[in-house]
Amino acid sequence: MDLLVAQITADLRSSDALRQSSALLQALQQCAAGRDVSAVARTVATEILAAPSSAVCKRLALDLLRALPLPPDLLDPLLLSSLGSDLSFPDPDVAASSIASFPSLPSHLLPSLLSSAHADIAAALSSPAESLRLAAVTSLSSLLPRDDLALMCSSNPSLMAHATTWWGRLAELALDSADAVAAAAFEALARLFQELDARRMSRLAGDKLVDGEGALAVRAQWAADAINFIWSRRNMLSARSMVMPVERFRVTVYPLVHAAKMVASGAVNTLRRIARPGDTTIADSVESSAEKLVGVSDIVSHLLPFLSSLDPPLVFEVGINMLALADVPGGKPEWASAATTAILTLWDRQEFSSMRETIVRAVVTNLHLLDLGMQVSLFKRLLQMVRNLRAESDRMHALACICRTALCVDLFAKESVRRGQKPVPGTDVISLFEDVRVKDDLNSITSKSLFREELVASLVESCFQLSLPLPEQNNSGTESRVIGALAYGTGYGALNWTEPALDVVEVCRPCVLWDCSGRTYAIDCYLKLLVRLCHIYDTRGGVKTIKAGASQDQILNETRLRNLQLQLIRDLREVHTPRISSRLIWAISEHFDLEGLDPLLADDPEDPLNIIISNMHKILFNTESSTTTSNRIQDVQSVLICAQRLGTRNARAGQLLSKELEEYRASTSADSVTKHQSRYVLQIIKYVTNHPDNRWVGVGDATGDYPFSHHKLTVQFSEASAAQDRKLEGLVHKAILELWRPSPTQLSLLQTKGIGALHKDLPKAYTLTGSSDPCYIEAYHLADPTDGRITLHLKILNLTELELNRVDIRVGLSGALYYMDGFSRTVRHLRNLVSQDPIQSSVTVGVSHFERCSLWVQVLYYPFDGSVGSADYEGDYEESSQMMRQKRAFRPELGEPVVLRCQPYKIPLAELLLPYECSPVEYFRLWPSLPAMVECTGTYTYEGSGFKATAAQQYDSSPFLSGLKSISSKPFHQVCSHFIRTVAGFQLCYAAKTWFGGFVGMMIFGASEVSRNVDLGDETTTMICKFVVRASNESITREIEYDLQGWMDDITDGAVEYMPEDEVKSAAAERLKISMERIALLKAAKPKVPPAKTEEEEEEEKKQNEDLDEFGNPKGPSTLSKLTAEEAEHRALQAAVLQEWHQLCKEKAMKAHVVINRVITKCNYYGTEIFVETGVAEAQGRRRSSVARNNRWGFSPLHEGGTRESHGESRWRVAGRNVQRFQENRNNQWTRYGGDGGAEEGGRGRGNQRNPNLIQINRHGNNKLVWWMEGMEKERAVCSRVAWKSSRNSIN
């Protein structure tokens, strides 16, 4: 290595430019390989920078010095002195090399360099040397649009004036005689326009992240001036671009088109107002509409001949920009047609084959600009092109555009016909998808293509988006034109969207026959749309007539839906998978018109009802299907519910289904749960059959719900097909939402909402130094998740009264941070710090993975710098060891530095997260599969009641959530929340993803406790929160668990205090101990229980005390009650039941349907939910009940004869056995009650009939239905007699 360095040094000291350039290239190669060649730095500085032999050597020398790990206090003066002297160098190539190095300089060097060299830069822009002008234009076009420089201009008026002058000169150089200079000037203007909207170059600059919203006004002023210049001289610029070579003509297209579009749409006026937000004297442009249209037409005429060019990139560039011009007010469809045709010719060009996704995206995004005939003619070709796209995101976006275009064309054509225009053939959805290959793909059963599933899902989701209210648009543009076409087609009607949706369900009908290897998402989408249409048109009531008030369109649509239902019923026989069969039966059974069936065809196998029931039979008795074709638990449940709905609506269906269910109950295919459910369904069908006039309408009412998408009923097993369904759903939803509900761009926000729409609060700055330190330092950071980088911004303030000649800022890294330039630029040297004058500094680092990280700032200042002598660095570079150079940097001449170690600046872990939007069901499906978990407990206090709580409760926010308010501003998506306000309890669910793709889910459970601290009469309560975090990677939870208090501080801004588990347990034990002590005191205060008496003694004592008061005197009338609390509660409950019964009887005359049923009255019995049941009349839908004949109880209103007390008592004994049965079967989902009650009575009345009562028990055991059997025997008989008398009077 030493020999190589010596050889490079010898070549650099020679006067031969070729040897010097080769030596510099060799040194750069060694630097790129990671080898240290710092020893040649001194030779480069003295031999090349001082007297360069050529411009190439000068440029290579600058690149080498920047690549070497030199201290900034050595490198920065070399760069500034070298670049400043070279700008006035006689050789224009050397000056050009110097000015071309400006964009690569650190940001802190730019203000001083540009301010001192502004005259030289202006001279370079006007230089007669073409190379110097080209270098100046290229350098400034890369430097000026950047965020950091625009921000400097916003705070530096002199620099702003210089930059504005340079931009004016750059615009004039677009007319330069040199083609290269003119092309570079056009490209500079294009960069300015693109940076204003997308800010791409600021992201690619890689220097640092700045809070550059203040730079927006600066760039807006530059862009407005450039647009005015281009528009005023558009003819000259067009003529200048025509004499350029074809390869350079492409860069002139975008500036001309963008300026014309901004002027024609009026956006330039918005830019002027943004440039001067407080100036109200700014007037809009005075160009007339005719002048704007003529100007746009001139530019289109200028570009049109180049659509037939042989250069594919030029054709694409011209076509894209002509489509943009066709979208402005006054644009013509002919412009879009010519551009689209030219772009489509590139599809078969071999040299442009890699850009096929770009071609399709460009065409489908602008399909709405074409006339109807052009859209129809292109539709089938675009479908074939989209099928061949490789990238899933591009294919989904193209499909979403095509589906939206199909709906737009259909709606627009039908509305035009309604308004008297000539119909355009082939504009309906069915005709648009009549392509042979598409039809073959849709009708194929076992095709392996995913394209057909994507097409069906995109079509259906587009229909659902069309059913939603259209978004409001206040500005012109692509989205407003599409929304205008949709609004024209729908007429803002609530149901006009159903007409193209009917075409969609007819086109996609073959999808129910597909065998998709277990995937069901596309079929679920289709059936969901079918159910929604049937529910809207109420197809279960048959096709309406004109006499009933139906319109011709409604009759036609209902007829089409009925024919489609009949066709789907016939297709049931060809559906091979039980999973799809059960879903199709669900979609049809609820909305099919059973009353319209021909009774003469009841025995015909082709009868729709017979086909449905035969397929239900197959599903019930199918036990051999694999998990990819059947989810038996779900399929059987859905078929039983469909049987209930069909049987309660039609008598013949009830008879057939009763037979099927009885056979199923007796077979071995049914388990205990489905047997109970089958019996429940049978009893409902039996009751409705026997009481056709009193049946409850809610039993068979249509809901219009399709619960089979995994948002409600999910497959609980990890299947590959389910994962593919979720992936397809995510892609389709993302493409649909990006198209129908796009996020507004920066410029559109400015046009619609003004400059205030982009206002962002500055990040909070943290102080890193103490109160007595000589320097004050505060810092804040900005993060960019896309590039994975963080910029730390420092503000340094000299608090001493002295002027510090030199201050060094060092930044160390810990954790996952790294310097993005490959080596540590850890030192920033500041010169001449004046007292109380703030200095800005910044450092940009990258983040490699999810880990706690910090930046450690040290300040080294030299109070005696310059007192002994200036530092002499001669000979420093000859040492080969970097450590020796660092040691020699601290010379006695500089004085000993005073080192100020600041507090570390910690990057919050939450900063490395991004919100992840997902549905609650998707979240809870993903939650148990996350392998890593960490739990912790935290507490905070809030005001429970009183004045302080009232003041704290603002905007209906819960006061007990006060400690968690800051989570809403953190990068978490709140999936769902559950609140129990009566006891101040809650559950919050959040979802997020790390910058690097890991999933993080967090649940917060809260429970409030009243504390002992009472402040001025206001109750202060303590909220105990349980934080449960689960992640897809154990490293994520390990970082969170490392510092739990730090994690809580990050997400709650220090509002929640962490409690270790031992403290939680000790606090709970203490509370339990206090409660036990209080219970012990209460027990001790109770008198001792006397010895138990025999039954005879109790009866005698009871008889003696019945007529005596507490003083032994004969008892008279009294208002005092001797009932116990339990007896009083029982009597109050009975009174409430009877009162409810009388109230229902009063409302009986106003109800359409009344059914004799049970009312389950809920009460709270010592904190336990108890349901008391008695015979009452049930109005439609008022309470949950069991539908059955209630003829077993002695006090039943259905009992035809009188009742006796012994009769009621025997029924209570029967109920006692039922309670025991409930105790034995309480873990089952369906539990039945009753038996052959009345056996003791020997068949009296109807007591020997089987009791059909079935009670549905919540599977998770949250609620229980309990028979209330307690009370005195005397009260039972009284209650029985009173209930019977009341019911008999009401019925009479």
Side-chain angles (χ1 to χ4, degrees), residues 71-73 76 107-108 155 208 210-211 761-782 790-815 817 819 824-845 852-871 886-887 889-909 911 966 1043 1045-1050 1052-1055 1057-1058:
D73 60 336
D76 294 348
S107 296
H108 63 275
S155 59
K208 62 180 178 180
V210 296
D211 45 346
D761 295 332
L762 289 177
K764 182 181 179 181
Y766 296 92
T767 302
L768 303 182
T769 54
S771 58
S772 60
D773 293 333
C775 284
Y776 169 80
I777 298 179
E778 69 176 17
Y780 68 92
H781 74 278
L782 297 173
I790 294 176
T791 296
L792 181 68
H793 292 270
L794 301 170
K795 183 172 78 172
I796 302 101
L797 187 64
N798 179 15
L799 298 180
T800 64
E801 297 180 356
L802 304 175
E803 178 181 352
L804 302 177
N805 295 331
R806 173 173 172 171
V807 174
D808 295 345
I809 306 296
R810 290 186 172 184
V811 180
L813 307 180
S814 64
L817 301 179
Y819 284 97
S824 57
R825 295 275 187 181
T826 59
V827 182
R828 166 80 188 279
H829 298 274
L830 305 177
R831 299 286 186 177
N832 302 325
L833 261 68
V834 183
S835 177
Q836 304 297 328
D837 186 15
I839 299 296
Q840 304 290 336
S841 181
S842 62
V843 59
T844 301
V845 295
R852 292 189 174 274
C853 43
S854 304
L855 294 98
W856 303 76
V857 181
Q858 286 186 357
V859 181
L860 289 79
Y861 67 97
Y862 302 82
F864 306 105
D865 181 28
S867 59
V868 177
S870 61
Q886 292 179 354
K887 290 181 179 180
F890 305 107
R891 291 169 176 259
E893 291 84 354
L894 298 176
E896 289 296 329
V898 177
V899 180
L900 174 62
R901 293 180 175 85
C902 304
Q903 296 179 2
Y905 187 90
K906 298 181 179 180
I907 304 297
L909 272 180
E911 192 69 49
S966 58
D1043 184 7
Q1045 183 61 58
W1047 168 255
M1048 291 185 180
D1049 292 342
D1050 292 346
T1052 64
D1053 291 339
E1057 181 181 357
Y1058 168 68

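Numbers for residues simply follow the sequence, beginning at 1. This one's a predicted model, so the numbers in the text were calculated from it and none came from an experiment.
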Mark yes or no for whether [X], through its side chain, and [Y], through its backbone, hold a donor-acceptor pair below 3.5 Å.
| X | Y | result |
| --- | --- | --- |
| Ser966 | Thr1052 | yes |
| Asp773 | Cys775 | no |
| Ser842 | Leu792 | no |
| Ser835 | Thr800 | yes |
| Asn798 | Leu802 | yes |
| Arg852 | Ile907 | no |

**OP:** Before giving the answer on side-chain contact (heavy atoms from CB on, under 4.5 Å), spell out for Trp856 and Val811 the whole-Å C-alpha distance, their side-chain angles and the decisive distance to 0.1 Å.
**Re:** CA-CA 5 Å; Trp856 303 76; Val811 180; over 6 Å; no
**OP:** Start with the C-alpha gap between Asp808 and Val859, add the side-chain angles, then the distance that decides, and say whether side-chain contact (heavy atoms from CB on, under 4.5 Å) holds.
**Re:** CA-CA 6 Å; Asp808 295 345; Val859 181; over 6 Å; no
In Å, rounded to the nearest 0.5 Å, how long is the span from [atom1] of [X] to [atom2] of [Y]?
| X | Y | atom1 | atom2 | result |
| --- | --- | --- | --- | --- |
| Gln840 | Lys795 | CD | NZ | 7.0 Å |
| Leu855 | Leu813 | CG | CG | 5.5 Å |
| Arg901 | Leu768 | CZ | CG | 15.0 Å |
| Asp1043 | Leu909 | CG | CG | 8.5 Å |
| Asp1049 | Tyr1058 | CG | OH | 13.0 Å |

Subject >> Given Val843, Leu860, Ile839, Val857, the one that forms side-chain contact (heavy atoms from CB on, under 4.5 Å) with Ile809 >> reply: Val857
Original post:
Does a donor on one side chain sit under 3.5 Å from an acceptor on the other, for Gln903 and Tyr905?
Top reply: no
**OP:** Answer yes if the side chains of Thr844 and Thr791 hold a donor-acceptor pair under 3.5 Å, and no otherwise.
**Re:** yes
Closest heavy-atom pair and its distance - [X], [Y]:
| X | Y | result |
| --- | --- | --- |
| Cys853 | Leu817 | CB-CG, 3.6 Å |
| Leu797 | Gln836 | CD1-C, 3.4 Å |
| Leu794 | Ala779 | CD2-CB, 3.4 Å |

Original post:
What's the verdict on side-chain hydrogen bond (donor to acceptor under 3.5 Å, both in side chains) for Tyr780 and Glu778, showing C-alpha distance, side-chain angles and the deciding distance?
Top reply: CA-CA 7 Å; Tyr780 68 92; Glu778 69 176 17; over 6 Å; no
Subject >> Heavy-atom check, side chain of Val899 versus side chain of Gln858, under 4.5 Å >> reply: yes
Subject >> Within-4.5 Å side-chain heavy-atom neighbours: Thr767 and Tyr776 >> reply: yes
Subject >> Pair Met1048-Glu1057, side-chain contact (heavy atoms from CB on, under 4.5 Å): steps then yes or no >> reply: CA-CA 7 Å; Met1048 291 185 180; Glu1057 181 181 357; over 6 Å; no
